[in-house]
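Reminder, nothing fancy here: chain letters follow the sequence lines and each chain counts from 1.
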2 protein chains.
Amino acid sequence: MTAKRILIVALKHFSAKGYDGTSLAEIAGDVGIKKPSIYAHYKSKHDLFLAVVEEVAEDYRNYRQQVLLDTKTMNFEQRLYCIFESMIIYFLQDRSKMAFWVRVWMFPPVELRDTILMPWKNLNTVFVSIIENIFQEGIAKGEVRDGNARDMANTYLCLLDGIITRVILTDDDHYINMLPQVWQCFWAGAKA
Amino acid sequence: MTAKRILIVALKHFSAKGYDGTSLAEIAGDVGIKKPSIYAHYKSKHDLFLAVVEEVAEDYRNYRQQVLLDTKTMNFEQRLYCIFESMIIYFLQDRSKMAFWVRVWMFPPVELRDTILMPWKNLNTVFVSIIENIFQEGIAKGEVRDGNARDMANTYLCLLDGIITRVILTDDDHYINMLPQVWQCFWAGAKA
DNA sequence: GTCTATAACAAGATAGAC
DNA sequence: GTCTATCTTGTTATAGAC
């Protein structure tokens with residue numbers, strides 16, 4: 001199906017050069033068709049971009065849900081680390097997808113900002129709550145030190161974002177290799 | 001000086017809409033001049049953009065150096081937290097500058113990628129080393145738990161990046177308010 | 001230094017043949 | 001569904017008057 005091929009190529013271009021930096025002619029050329037043919041599948045550039053966003057968001061939702069399900073029986077540290085690692089691996093396995101993802105959420109095209117950001121904020125709020133609950137259970141069972149579960153969840157997610165941020169800026173596997181050490185620092189703390 | 005006014009307005013537009021999403025006509029209009037007048041001060045759009053990058057980088061370099069100097073006499077936790085907080089405050093005090101900064105380093109315009117990223121990588125490497133040294137001293141003096149100083153420095157910087165990332169996505173002061181709690185989580189660890 | 005006018009071009013989008 | 005041809009608009013950039 002041509003529509004799908006356009007979608008895949010569009011993702012690659014949008015992730016590398018952004019919405020404004022990508023032309024439909026480039027996408028068409030890469031697909032092997034001419035520019036006007038795109039309009040047989042998507043009614044505008046906006047429309048194509050939103051389709052890519054939806055595709056990527058759907059994929060992410062499914063993956064995240066699966067990870068949360070697969071780790072359900074683990075103990076707290078194991079589960080938190082496994083979720084942590086899985087999210088990094090998800091983004092690393094397809095750097096185009098990762099770059100697109102981060103670029104869209106941080107710097108969406110102005111005209112589409114509200115359309116795009118609304119569902120994401122919800123997606124994020126849900127995730128904070130889930131992680132918070134895991135910390136809460138950990139505290140209740142004595143596997144996590146006493147403290148505010150929401151603060152811990154936010155720290156956890158900031159650390160996750162930070163690693164993803166730095167992974168985007170490097171081409172090597174430096175940050176995936178030091179994941180266990182970073183986790184160890186978070187888990188054990190810095191205090192003597 | 002008109003050149004300076006153009007620079008300030010350009011920063012605002014580039015940070016909100018990116019390089020490709022900003023036209024010289026918009027900038028000129030906001031400054032109160034016509035589009036061709038910009039060429040009396042900057043020889044191209046590239047040139048103007050690079051001037052903004054240099055301005056922002058210079059400001060950041062100076063600020064960071066000052067912070068490192070001002071905190072030199074503090075004890076380790078105090079100093080690490082103070083640097084941490086200062087960097088967040090720096091970006092919060094001017095959200096335009098923060099957004100521009102992050103956007104440029106994460107998603108520079110493709111044609112300027114190499115020009116822009118080379119000096120930044122160096123800027124970052126230096127910072128990692130400085131933070132690593134502080135952790136190293138902390139370990140030596142027993143104020144920081146025994147461990148790898150470089151890993152701690154990387155964790156520290158990932159957390160910093162993560163907070164900045166999340167601050168960009170929210171309009172309120174949520175993340176600056178919970179800074180002490182996030183720091184507490186990092187410093188004390190999550191382990192029971 | 002700033003302006004008007006304009007060149008030169010690339011972009012998104014549409015019409016209509018096949 | 002894909003093409004060629006075309007429209008319209010917006011872009012960077014320059015020429016030359018004031």
**Prompt:** Do the ring centers of A:F100 and A:F49 come within less than 6.0 Å of each other?
**Reply:** yes
**Asked** Are the ring centres of B:Y156 and B:F84 closer than 6.0 Å?
**Response** yes
Value in whole Å for how far the [atom2] atom of [N] lies from [atom1] of [X]:
X	N	atom1	atom2	result
A:K35	D:dC7	NZ	P	14 Å
A:I38	C:dA15	CD1	P	18 Å
A:H13	C:dA11	NE2	P	12 Å
A:F49	C:dG12	CZ	P	13 Å
A:L48	C:dA11	CG	P	15 Å
B:K4	C:dG1	NZ	P	16 Å
A:D20	C:dA10	CG	P	18 Å
B:R5	C:dT2	CZ	P	8 Å

**Request:** Classify the ring geometry between B:F186 and B:W183 as parallel (under 30°), tilted (30 to 60°) or perpendicular (over 60°).
**Result:** tilted
Choose from [options] the nucleotide whose nearest atom is closest to any side-chain atom of [X].
X	options	result
B:S44	D:dG1, D:dA13, C:dA13	D:dA13
A:L24	D:dT2, C:dG12, C:dG1	C:dG12
B:Y39	C:dG1, D:dT2, D:dA13	D:dA13
A:I33	C:dA13, D:dT2, D:dT14	D:dT2

Give a yes/no on whether any side-chain N or O of [X] is located under 4.0 angstrom from OP1 or OP2 of [N].
X	N	value
A:H46	C:dG12	no
B:T2	C:dT2	yes
A:K45	C:dG12	yes

**Request:** Group every Ile, Leu, Val, Met, Phe, Trp and Tyr by side-chain heavy-atom contacts under 4.5 Å, then state whether B:Y39 and B:I8 land in the same group.
**Result:** no
**Asked** Are A:M152 and A:V126 in one and the same hydrophobic cluster, where Ile, Leu, Val, Met, Phe, Trp and Tyr link if side-chain heavy atoms are under 4.5 Å apart?
**Response** yes
**Message:** Any base atoms under 4.0 Å from A:S23, or only sugar-phosphate, or nothing? Heavy atoms, all strands.
**Reply:** sugar-phosphate
**Prompt:** B:M1 or B:P36: which one's nearest nucleotide on DNA chain C is closer to the 5' end?
**Reply:** B:M1
